[in-house]
Amino acid sequence: MKILGIESSCDETAAAVVEDGRKVLSNIIATSLEEHKLYGGVVPEIASRRHAEAISGVVKEALEQADCTMDDIDAIAVTYAPGLIGALLVGVNFAKGLALATDTPLVPVHHIRGHIASNYISSDLEPPFLCLIVSGGHSHIVAVHSYTEFEIIGRTRDDAAGEALDKAGRTMGLEYPGGVSIDKLSPQGNEDAYKFPKPKVSASPYDFSFSGLKTAVINTVHNAQQKGETICTADLAASFQKSVVECLITNLEKAAIDKGFNKIVIAGGVSANSKLRARAKSLCKKRGWDLYIPELKYCGDNAAMIASQGYYEFLSGTAADESLNAYATMPIDKNYKTI
Ligand code: KG4
Ligand code: ZN
């Protein structure tokens with residue numbers, strides 16, 4: 001079964017064709033990232049305009065590279081939530097039009113479920129497992145009971161890990177996205193140079209809080225500026241990255257032990273982070289757990305992951321008609337049919 005995936009929730013316009021949920025036949029991504037760098041973050045209006053310009057060309061290329069026409073496509077999977085509403089609407093409306101015009105089933109896919117599915121591509125991973133999802137907008141620990149059943153075990157109380165890395169990077173004067181810049185710079189720094197407070201969320205041992213850590217970095221930079229002191233940015237970046245990764249790993253370890261999981265999965269844009277990948281590997285080696293991490297090219301936003309999850313959603317009976325809407329927020333554990 002061949003699924004055409006379409007993704008437009010942030011600044012990547014993406015389309016892909018995936019066979020039987022696992023075999024990627026094409027994976028095309030156009031990004032407006034360079035333009036957003038000028039503003040230090042994604043400008044939603046610019047992202048929406050670029051999606052509208054790029055989407056038909058990107059979908060056409062995905063079909064061509066997969067050596068397919070719409071006659072070969074069994075369903076169109078599209079990201080409908082969560083994300084920037086104007087950006088999501090471009091993908092959803094394009095998918096609806098294409099589905100109607102070609103009489104192809106339409107399958108709505110939750111963006112974060114898609115990130116988890118990036119691990120199904122080129123691997124033998126099957127649920128159940130415990131997943132740490134870390135992206136620009138989300139930091140969750142989720143028990144994945146089946147391809148379409150999700151239970152939130154932990155979540156961030158304030159900023160997402162990627163958001164905190166991006167904001168800290170901006171304060172340090174690094175290029176957007178800060179998470180990527182911090183990852184690149186950190187090997188040149190001493191990760192024990194700065195000590196940051198360990199955030200504690202009393203309500204749940206699995207929940208995260210990154211806003212205090214982010215404020216601590218911002219204060220460190222501002223205090224130094226006021227005193228006319230210079231800061232070693234590489235030391236600060238490495239120390240901050242270490243603190244963020246330790247928070248993620250500590251809660252992941254606790255959740256896996258308490259909930260009885262020995263199959264661990266990492267997903268989302270921040271799963272590209274070299275420190276997080278290394279710490280997840282050392283944790284799973286120590287505990288004897290199986291670890292799955294997406295290939296680097298599937299860590300960031302892409303449509304192959306949407307097509308992969310779309311395959312499993314379609315098999316479970318999820319389909320939408322022309323009334324499908326986009327949503328800026330949507331819990332991962334809510335199935336489309338129950339909205
Ligand atoms: O999943 P994603 O592409 O978009 C969302 O769904 O949010 O994640 C983007 C986030 C950004 O915050 C970016 O800084 C972060 O992923 N990111 C990284 C790395 N690559 C991307 N953070 C740390 N290290 C990286 N190598
Ligand atoms: Zn994403």
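Worth saying up front: this structure is predicted, and the values here are computed from it rather than measured. In each ligand, atom 1 is the first atom listed, and ligand 1 is the first ligand listed. All residue numbers refer to positions in the sequence shown, counting from 1.
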Inset, instruction - For the pair H111 (side chain) and I306 (backbone), establish whether a donor and an acceptor sit closer than 3.5 Å, ignoring hydrogens and angles. - result: no
Inset, instruction - Measure from atom 17 (N) of ligand 1 to every heavy atom in P82, G83, G269 and give the option owning the shortest one. - result: G269
Legend entry - N-O pairing of K259 and E151 below 4.0 Å: no
Legend entry - Taking atom 26 (N) of ligand 1 as the reference point, the nearest protein heavy atom with its distance: D183 OD2, 2.8 Å
Inset, instruction - Could you tally the protein N/O/S atoms lying less than 2.8 Å away from the Zn ion (ligand 2)? - result: 3
Inset, instruction - Run through V134, I153, D207 and flag the one making a side-chain contact (heavy atoms from CB on, under 4.5 Å) with I141. - result: I153
Legend entry - Atom CZ of R49 with >12 non-hydrogen neighbours under 6.0 angstrom: no
Legend entry - G137: numbered ligand 1 atoms lying under 4.0 Å from its heavy atoms: 7 (O)
Inset, instruction - In plain terms, say whether D72 and K2 are close enough for a salt bridge, that is, a side-chain N and a carboxylate O under 4.0 Å apart. - result: no
Inset, instruction - Decide, yes or no, whether a salt bridge links R50 with D11 under the criterion of side-chain N to carboxylate O below 4.0 Å. - result: no
Legend entry - N/O donor-acceptor pair under 3.5 Å between D235 side chain and N190 backbone: yes
Legend entry - Carboxylate-amine/guanidinium proximity below 4.0 Å for E246 and K242: no
Legend entry - Any donor-acceptor N/O pair, K263 side chain to D290 backbone, under 3.5 Å: no
Legend entry - S135 neighbourhood, listing ligand 1 atoms whose heavy-atom distance to it stays under 4.0 Å: 1 (O), 5 (C), 6 (O), 7 (O), 8 (O)
Inset, instruction - Report yes or no: does a heavy atom of H115 sit under 4.0 Å from some atom of ligand 1? - result: yes
Inset, instruction - Ignoring hydrogens, just give me the one of V180, V270, L276 whose non-hydrogen atom is nearest atom 15 (C) of ligand 1. - result: V270
Legend entry - Element-labelled atoms of ligand 1 that are located less than 4.0 Å from some non-hydrogen atom of G136: 5 (C), 7 (O), 8 (O), 9 (C), 10 (C), 12 (O)
Legend entry - Minimum-distance protein heavy atom relative to atom 2 (P) of ligand 1: D301 OD1, 3.5 Å
Legend entry - Nearest neighbour in protein (non-hydrogen) for atom 13 (C) of ligand 1: D166 OD1, 3.8 Å
Inset, instruction - Check for a donor-acceptor pair, side chain of D20 on one end and backbone N or O of M1 on the other, with a separation under 3.5 Å. - result: yes
Inset, instruction - Look at atom CG of D67 and say whether more than 12 heavy atoms of other residues, nucleotides or ligands are closer to it than 6.0 Å. - result: no
Inset, instruction - Using a strict cut-off of 4.0 Å, indicate which atoms of ligand 1 neighbour a heavy atom of G162. - result: 12 (O)
Legend entry - Close approach, H111 and ligand 1, non-hydrogen under 4.0 angstrom: yes
Inset, instruction - Using a 4.0 Å heavy-atom threshold (strictly under), name the region of N273 that reaches ligand 1: side chain, backbone, both or neither. - result: both
Legend entry - Within 6.0 angstrom of R170 CZ, more than 12 heavy atoms from elsewhere: no
